[in-house]
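Remarks on the structure that follows.
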Amino acid sequence: MKVAVISLFPEMFDAISRHGVSGRAFENGLIELRLFNPRNYADGPHQSVDGRPYGGGPGMVMMAEPLSRALADSKEWMGSTCHRVVYMSPQGKVFKQEQLKGFESSEGFILIAGRYEGVDERFIKQRVDEEWSIGDYVLSGGELPAMVVLDALIRIIPGALGHAQSAQEGSFSQGMLGHPQYTRPASFAGERVPAVLLSGNHEQVRLWRLKCSLKRTRDRRPELLEALVMDSEKKKILEAMGKDFDVNC
Ligand code: SAM
């Protein structure tokens with residue numbers, strides 16, 4: 001998969017391309033990242049990429065021209081593989097795991113990271129397919145949001161995680177929160193790991209984990225349950241929750 005990112009601070013992406021699971025995905029060629037800096041597409045001796053806002057007000061706005069040229073170049077690099085152009089913006093649709101459906105098998109897309117007071121609206125209207133926000137707060141740039149999206153995407157690319165199961169079982173992959181995790185030692189500060197996890201009984205472990213996922217989702221994010229597609233097993237567990245739900249999660 002090819003991903004192009006348009007950013008004034010391309011070096012920030014070392015954080016994702018050099019470390020951990022995402023670093024390995026780049027190393028193994030599962031994802032190819034190319035950075036396009038609008039400054040390299042700006043006119044004049046100062047290579048300005050920003051201007052004062054029309055109508056007045058504080059700060060600067062990223063100009064449409066350098067961004068458009070950077071975008072054109074990034075599209076050329078992608079060839080026919082470009083899936084979508086996404087501008088990271090606090091005004092966009094709040095990013096959710098489900099938005100990545102289909103992306104893992106797409107061949108490429110372009111992320112745009114804004115700076116200053118944002119981007120000239122005409123660029124957004126004319127060149128951007130979607131705006132994505134990573135939450136209801138304002139950051140000083142779109143680089144961290146773009147990395148958040150990239151990291152979440154990399155985890156679902158087949159072969160990126162050591163265990164494909166992790167991506168299928170983690171929080172949100174099944175529309176609910178993940179189950180609690182434990183590792184050695186079996187006893188920590190007087191608290192033992194739930195006995196079922198040491199039983200070696202895979203079916204009981206699966207059931208315990210499913211129950212804990214459902215309980216956590218109900219307790220912490222009840223709105224997720226409303227959207228959850230219920231099979232008969234989940235329905236039965238949830239019905240029992242009100243009465244004799246004795247799982248120690
Ligand atoms: N003036 C803009 C507004 O009020 O909507 C905020 C601009 S912000 C300081 C600069 C850049 O950071 C934006 O262009 C965007 O790319 C990025 N950004 C900030 N917060 C974000 C968020 N929650 N999600 C995605 N991108 C964000």
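We number each residue from 1, following the sequence as shown. Remember, it's 1-based here, ligands and their atoms both numbered in the order they're listed.
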Is there a donor-acceptor pair closer than 3.5 Å between any side-chain N or O of [X] and the backbone N or O of [Y]?
| X | Y | value |
| --- | --- | --- |
| Arg34 | Ser74 | no |
| Ser187 | Arg192 | no |
| Ser68 | Ala64 | yes |

Query raised in the report: At under 4.0 Å between heavy atoms, which part of Tyr87 makes contact with ligand 1: side chain, backbone, both or neither?
Result: side chain

Query raised in the report: Backbone, side chain, both or neither: what part of Gln91 comes under 4.0 angstrom of ligand 1, heavy atoms only?
Result: side chain

**Report entry** Residue-ligand contact Val119/ligand 1, heavy atom below 4.0 Å
**Finding:**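 Heavy atoms of Val119 never come under 4.0 Å of ligand 1.
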
**Report entry** Any Trp132 heavy atom less than 4.0 Å to ligand 1
**Finding:**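 True for this residue.
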
Atoms of ligand 1 close to [X] [distance to a heavy atom under 4.0 angstrom, numbered from 1]:
| X | value |
| --- | --- |
| Leu139 | 8 (S), 9 (C), 10 (C), 12 (O), 19 (C), 20 (N) |
| Glu117 | 1 (N), 2 (C), 7 (C) |
| Tyr116 | 7 (C), 8 (S), 9 (C), 10 (C) |
| Met88 | 15 (C), 16 (O), 25 (C), 26 (N) |
| Gly114 | 11 (C), 12 (O), 14 (O), 16 (O) |
| Ser89 | 24 (N), 25 (C), 26 (N) |
| Pro145 | 25 (C), 26 (N), 27 (C) |
| Gly141 | 11 (C), 12 (O), 17 (C), 18 (N) |

SB check [X] [Y] (cutoff 4.0 Å):
| X | Y | result |
| --- | --- | --- |
| Asp120 | Arg127 | no |
| Glu233 | Lys236 | no |
| Glu65 | Arg69 | yes |

Could you say whether the N/O atoms of [X] and ligand 1 ever approach to under 3.5 Å?
| X | result |
| --- | --- |
| Gly135 | yes |
| Ile134 | yes |
| Ser140 | no |

Query raised in the report: What residue and atom, counting heavy atoms only, is the protein's closest point to atom 23 (N) of ligand 1, and at what distance?
Result: Tyr137 O, 2.8 Å

Query raised in the report: Who gets closest to atom 22 (C) of ligand 1 by heavy atom: Pro90, Gly92, Gly57?
Result: Pro90

Query raised in the report: What do the steps show when you test Phe109 against Asp129 for side-chain contact (heavy atoms from CB on, under 4.5 Å), and what is the final call?
Result: CA-CA 11 Å; Phe109 68 105; Asp129 297 318; over 6 Å; no

Query raised in the report: Honestly curious: do Phe172 and Leu210 fall in one hydrophobic cluster under the side-chain, below-4.5 Å linking rule?
Result: no

Requested in this report: Taking the six-membered ring for Trp and the full ring for Phe, Tyr or His, determine whether the centres of Phe103 and Trp132 are under 6.0 Å apart.
Outcome: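 Yes, the ring centres sit under 6.0 Å apart.
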
Query - Residue pair Pro53 / Pro58: nearest heavy atoms and the distance that separates them - result: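 That closest heavy-atom pairing would be CG-O, 3.9 Å.
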
Query raised in the report: Out of Arg216, Lys215, Lys234, which one pairs with Met176 under the side-chain contact (heavy atoms from CB on, under 4.5 Å) rule?
Result: Lys234

